[in-house]
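As structure tokens, the structure follows; a few thoughts come after it.
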Amino acid sequence: NLGSQPYSVSVARMAACSTCHEAFPSRNALFRHFRETGCGGEAPRRVDRFVVLYGYLGTPFHGSQRNAAEDEATCPTVEGQLLAAIEAAALSQPNVVAACAEVHSRTSRTDRGVHALSNVFHLRIAVDFRAGSKPPVSAEDDVWLDTIQKHLPPSISILRRFPVPEPDFDARRTCQKREYLYYVPYRALMQPDEVEQLAQPVDPQDTLACLVWLAGLPDEVDLAEVRGFAAARLRASGHACGDDIILDVRTTGNAGLAMILAGSPADALALCEALDGAVGFSEEGAYGGALVALLEREALVRRNVHMRLRSVLSRLSGTYSFHNFSPGFADATDPKSVRSVYRCRSAISAGQRDVLLGRDFAVLRITGRSFLYRQILGMTGLTIAITAGIVPLTYLDLALGQQGGIEIPTAPAGNLVLARCFFRDGAFTAPTTKAEVSLTRALEDEMAGDAMQGEFSKFCHDLKDTIGPRMCTLLKVAARDSVGDGHTSGVLGEPNQPSADLQEPCCAQEARASDLEVQ
């Protein structure tokens, strides 16, 4: 009767390999040795686990998550291409007879057409070697990444790999927040009078046409140094630089900004082209050492656009029921619709070169723990409608209110980018690589292309002529009903603030994220 005797620990019998004579503390350890080394005639197998960072242009793919094998041929996915490339790279090694790569967990799934600068998954790859052979040492990171990249299409970049902290590491649950970027063409955010203002011919006598707005400078700057740097850049670009070219350099009252007065509108344009994107003045600026230069007539309109953007984005930050921004929710009482948006922001980052190339985007940065399906596209669509003056700011109260079925315009998916996934203590981060810089440029080129521009133009046309009028009508009806119900504190009352019974614990929200966070 073991229950009546004192507990004792027995020493495990040692097991030894008859081929290499190495001793092991258990039979399980011995069999694992057989699989990994091939001793005793076993076919060796090596199982590796990595955290993999990768980016992609989402246009040619049907989302990021791998489809069933029979669907991959007709509906290719990013993971399907990646896993096939990883297996092909493994099979190219000597004595490899089979390889199987699978995704253990992922931080995010992106919808069809959505891009990523850095998505993350936990990879498990098992490689079987020929019986009697000795598995080679696992390749160095750079070699492994380069080998896999050769098997990938140009639209996918495998960026980095890291060792997995533990075998059951869950990439989705351990990711603390995700940051998305949405690239909005400035023309979609301008109001009619601003479009008309930029369409006016330049008056050579107008001082505004001779001013250059310069951003990306250090907070404290010597204006004489700015003048000297501008003159040197002009000369380097092949322009003469006499005293009549740069008449004055002044501060704007805001840190990191300056204004340069040129002798003529043509000189101002030459200064913009010479200074925009220039590096070497300082490494302390807001744009990583690169300057942003715009003609003041362009910059003035963009500053007004960003003032309106900030008013909308600040209202979208916080914890709300986003039931109207994602399909499948009846009203604000469904706890699954509650999400916390940590931060929404935007700043001028496109310079004069981008304007001339048709790549002048206002980049919205939206950060949160998890998002509902198509939530960000709805947030962006509504932001565009309000910023462009199609619907008033009070429509936000209606959209974030208790009522369901409120129409929210959905912005095109092709301008949405998963930028970064954040982990505790800065895990799985490294300095930006050339591959990431090239991918960013490729994404911007894709969005500036005719196909994407055409899709966005159609969205703006529908928003102005069809969707917007419906939204305005809905707002008027809601305002009339609100007055009839006795609400006097505002047109529609306050936006919903989830009560305690609607706010799920983090663990419960995370458990639902795999079904709801697709963008």
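For the salt bridge (charged side-chain N to carboxylate O under 4.0 Å, His left out) test, no residue two or more places apart in sequence or in another chain qualifies with D146. Checked against side-chain contact (heavy atoms from CB on, under 4.5 Å), D141 has the following partners two or more places apart in sequence or in another chain: R161. Scanning for side-chain contact (heavy atoms from CB on, under 4.5 Å) contacts around L357 gives R359, with sequence neighbours left out.
Here the side chains of H104 and V164 are not in contact, with every heavy-atom distance at 4.5 Å or above. Side-chain atoms of D71 and H62, non-hydrogen and from C-beta on, never get closer than 4.5 Å to each other. Put simply, the side chain of I467 reaches to within 4.5 Å of the side chain of E407, judged on heavy atoms.
Side-chain atoms of R424 and T174 form no donor-acceptor pair, as typed in the model, at a separation below 3.5 Å. Residues S157 and Q149 bring no donor and acceptor atom of their side chains to less than 3.5 Å of each other. Residues T110 and Y56 have side chains that bring a donor and an acceptor to within less than 3.5 angstrom of each other.
A cation-pi contact links R302 to Y186, judged by a cut-off of 6.0 Å to the six-membered ring centre and 45° from its axis.
Ion pairing between a basic and an acidic side chain is recognised when a charged N comes within 4.0 Å of a carboxylate O; K458 and D462 show such pairing.
The aromatic rings of F456 and Y182 are tilted relative to each other, their planes meeting at an angle between 30° and 60°. The aromatic rings of W144 and F50 sit tilted relative to each other, their planes meeting at an angle between 30° and 60°. Between Y320 and F322, the angle of the ring planes goes over 60°, which puts this pair in the perpendicular group of the 30/60° scheme. The aromatic rings of F169 and F428 sit perpendicular, their planes meeting at an angle over 60°, well past the 30° parallel limit.
Between F459 and G381 the shortest heavy-atom distance is CZ-CA, 4.1 Å. Nearest heavy atom pair, residue H151 against residue A88, reads ND1-CB, 3.6 Å. The minimum heavy-atom distance between L57 and L443, with the atom names listed, is CD2-CD2, 3.0 Å. When all heavy atoms of S92 and T147 are compared, the closest pair comes out as OG-CG2, 4.4 Å. Among all heavy-atom pairs drawn from Q403 and N324, the shortest one is O-ND2, 3.0 Å.
Counting heavy atoms of neighbouring residues, nucleotides and ligands inside a 6.0 Å radius, atom CD of E140 does not exceed 12 of them. Other residues, nucleotides and ligands contribute at most 12 non-hydrogen atoms within 6.0 Å of the CG atom of D450.
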The test is side-chain contact (heavy atoms from CB on, under 4.5 Å); show your working for C175 and V120 and say whether it passes. CA-CA 9 Å; C175 180; V120 182; over 6 Å; no
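Between the CD1 atom in I406 and the CG atom in L396 there is a gap of 12.5 Å [rounded to 0.5 Å].
Just one of R365, R420, R343 meets the side-chain hydrogen bond (donor to acceptor under 3.5 Å, both in side chains) condition when paired with E179; it is R365.
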